[in-house]
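Only one structure is covered here, and it is reproduced in the block below.
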Number of protein chains: 2
Amino acid sequence: MHSSAEENYLKAIYKLQEANGEMVATSALAQVLGIHMASVTDMLKKMSAKKLVAYQKSKGFKLTEKGRLAAIGIIRKHRLWEVFLVDKLGFRWDEVHEIAEQLEHIHSQELIDKLDAYLDFPKADPHGDPIPDAKGNFALNKSVLLAALPPGSQGKFTGVTDHSSAFLNYLDKIGLSLGDPVKVKEVEEYDKNYTLMLKGKKAVVVSFKVANSLLISE
Amino acid sequence: MHSSAEENYLKAIYKLQEANGEMVATSALAQVLGIHMASVTDMLKKMSAKKLVAYQKSKGFKLTEKGRLAAIGIIRKHRLWEVFLVDKLGFRWDEVHEIAEQLEHIHSQELIDKLDAYLDFPKADPHGDPIPDAKGNFALNKSVLLAALPPGSQGKFTGVTDHSSAFLNYLDKIGLSLGDPVKVKEVEEYDKNYTLMLKGKKAVVVSFKVANSLLISE
DNA sequence: AATAAAAATTAGGCAAGCCTAATTTTGCAA
DNA sequence: TTGCAAAATTAGGCTTGCCTAATTTTTATT
Ligand SMILES: [Mn+2]
Ligand SMILES: [Mn+2]
Ligand SMILES: [Mn+2]
Ligand SMILES: [Mn+2]
């Protein structure tokens with residue numbers, strides 16, 4: 001069994017690899033974990049010994065297959081708990097991350113299997129992030145950033161790339177929820193503001209920053 | 001916020017005080033926690049400094065009011081999670097203790113409040129143990145050991161004093177569940193075997209050991 | 001190639017929680 | 001009252017996961 005600290009490292013490394021490709025730097029990991037580089041060097045030596053990460057001196061490191069599977073397991077737990085918190089307990093989507101950050105470290109395969117079934121095998125968490133199945137497979141999701149779409153395009157809002165409370169609350173405020181239809185009505189060339197047509201023919205104007213944090217499918 | 005280790009000490013001390021009255025001995029705590037006495041001495045010094053326990057040299061120690069409230073908070077969480085595991089996820093009553101042992105250490109008042117509401121404010125856990133309310137008050141429960149009842153008595157099975165899987169599975173086997181009516185039909189003087197009348201006029205003969213682990217109300 | 005900045009590692013420490021071994025204190029029984 | 005055993009404490013160590021400060025290595029820039 002891995003410690004919570006190890007599990008947080010695994011998850012962080014996995015996400016850095018996802019975002020930036022292959023090798024991960026000590027400094028990057030230190031930054032996202034809010035930990036000093038010397039500590040990261042320490043921990044990675046231990047995780048190397050356990051064959052969770054593969055070290056390549058001065059090139060960085062990456063997860064081994066064993067490490068990758070462990071990381072996906074944590075992510076699966078995190079996201080299933082988030083679904084539970086929102087769907088069953090009634091938390092808002094901007095409130096669940098911190099609590100799931102703790103719940104993801106509960107060790108019980110039986111528990112997570114039953115939770116998955118209880119939630120009816122959800123495919124995505126409250127932020128639209130895909131939930132890997134029990135074998136560690138993600139459902140292919142071919143969404144694109146709204147900011148990449150030309151005027152006239154339409155699709156369904158299925159995820160965010162900014163998970164901050166500030167952003168999630170902003171979306172609540174303009175009345176945009178996961179699964180809603182969205183149409184790009186107009187893109188202002190000068191400042192790249194997007195005029196969107198939301199559910200119920202509601203038009204809203206959002207900045208490029210916002211358009212660049214919305215994932216659209218279909 | 002207290003660490004998991006501290007919380008486990010608090011809970012153990014609370015239960016020892018409940019069972020044996022006032023002062024708790026280092027040795028008793030070491031035994032129930034499965035930890036060496038020297039370690040307990042260490043930890044209690046730290047918890048004393050935090051005003052969680054009051055030390056009386058060579059007389060033992062007991063929880064302060066602050067420690068008592070903290071302990072009750074952990075017990076509340078433990079039992080609510082057990083209800084969740086059984087009622088919502090479908091675990092059996094003999095499977096939930098270990099998992100609740102972990103879940104009780106999740107820190108979020110908001111979470112436990114919502115869980116309580118979601119479970120409809122249960123008054124007892126799957127083993128019949130009372131769940132303190134949000135203010136730390138237990139519902140008075142005036143149950144007695146079945147072994148203390150004379151032949152002819154009847155009541156409702158509302159709790160166990162033996163929480164072992166072996167015992168819980170035995171109860172499943174003879175078909176006795178929490179809330180069932182039970183009548184003491186006969187007590188054999190020679191070996192103190194109890195003949196009980198269960199739901200559906202089923203008669204079973206159980207040992208004194210069993211009769212002494214069943215709590216009866218009403 | 002020289003040099004400065006950034007990245008990484010090493011060295012030495014610390015707190016939490018545990019351990020073993022040694023010692024002290026306490027409670028009892030002879 | 002003495003003497004022993006059980007209980008408790010002290011002393012010294014260990015692992016985990018973090019820290020700061022010092023040093024080394026790598027990378028960029030001229
Ligand atoms: Mn976490
Ligand atoms: Mn999420
Ligand atoms: Mn516990
Ligand atoms: Mn219980």
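In what follows, chains carry the letters A, B, and so on, assigned in the order in which the sequence lines appear, proteins first and then strands, with residues in each chain numbered from 1.
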Q. Heavy atoms under 4.0 Å, any strand shown: does Ala38(B) hit a base, just sugar-phosphate, or nothing?
A. base
Q) Contact class for Met43(B) (heavy atom, under 4.0 Å): base, sugar-phosphate, or nothing? A) sugar-phosphate
Q) So which one's nearest nucleotide on DNA chain C is more toward 5', Met37(B) or Ala25(A)? A) Ala25(A)
Please report, rounded to the nearest Å, how far the [atom2] atom of [N] is from the [atom1] atom of [X].
X        : N       : atom1 : atom2 : value
Gln56(B) : dA7(D)  : CD    : C1'   : 17 Å
Leu44(A) : dT10(C) : CG    : C1'   : 15 Å
Asp42(B) : dC14(D) : CG    : P     : 16 Å
Lys59(A) : dA7(C)  : NZ    : P     : 18 Å
Phe61(B) : dA8(D)  : CZ    : C1'   : 11 Å
Lys50(B) : dA16(C) : NZ    : C1'   : 9 Å
Lys46(A) : dT15(D) : NZ    : P     : 10 Å
Met23(B) : dT26(C) : CE    : P     : 14 Å

Can you find a side chain N or O atom of [X] that sits less than 4.0 Å from OP1 or OP2 on [N]?
X        : N       : result
Thr26(B) : dT9(D)  : yes
Ser39(B) : dC18(C) : no
Ser27(A) : dA8(C)  : yes
Lys45(A) : dT10(C) : yes
Tyr9(A)  : dT16(D) : no
His36(B) : dC18(C) : no
Tyr55(A) : dA8(C)  : no
Ser3(B)  : dG17(C) : yes

(Q) Looking at Asp133(A) and Lys135(A), is there a salt bridge between them, counting it only when a charged N and a carboxylate O are closer than 4.0 Å? (A) no
Q: State plainly whether the residues Glu18(A) and Lys15(A) are in salt-bridge range, i.e. N to O under 4.0 Å.
A: no
Q) Would Lys62(A) count as a cation-pi partner of Tyr55(A), with NZ or CZ less than 6.0 Å from the six-membered ring centre and within 45° of the ring normal? A) no
Q. How about His2(B) and His107(B): does a side-chain donor come under 3.5 Å of a side-chain acceptor?
A. no
Q. Does the ring centre of Phe84(B) sit less than 6.0 Å away from the ring centre of Phe84(A)?
A. yes
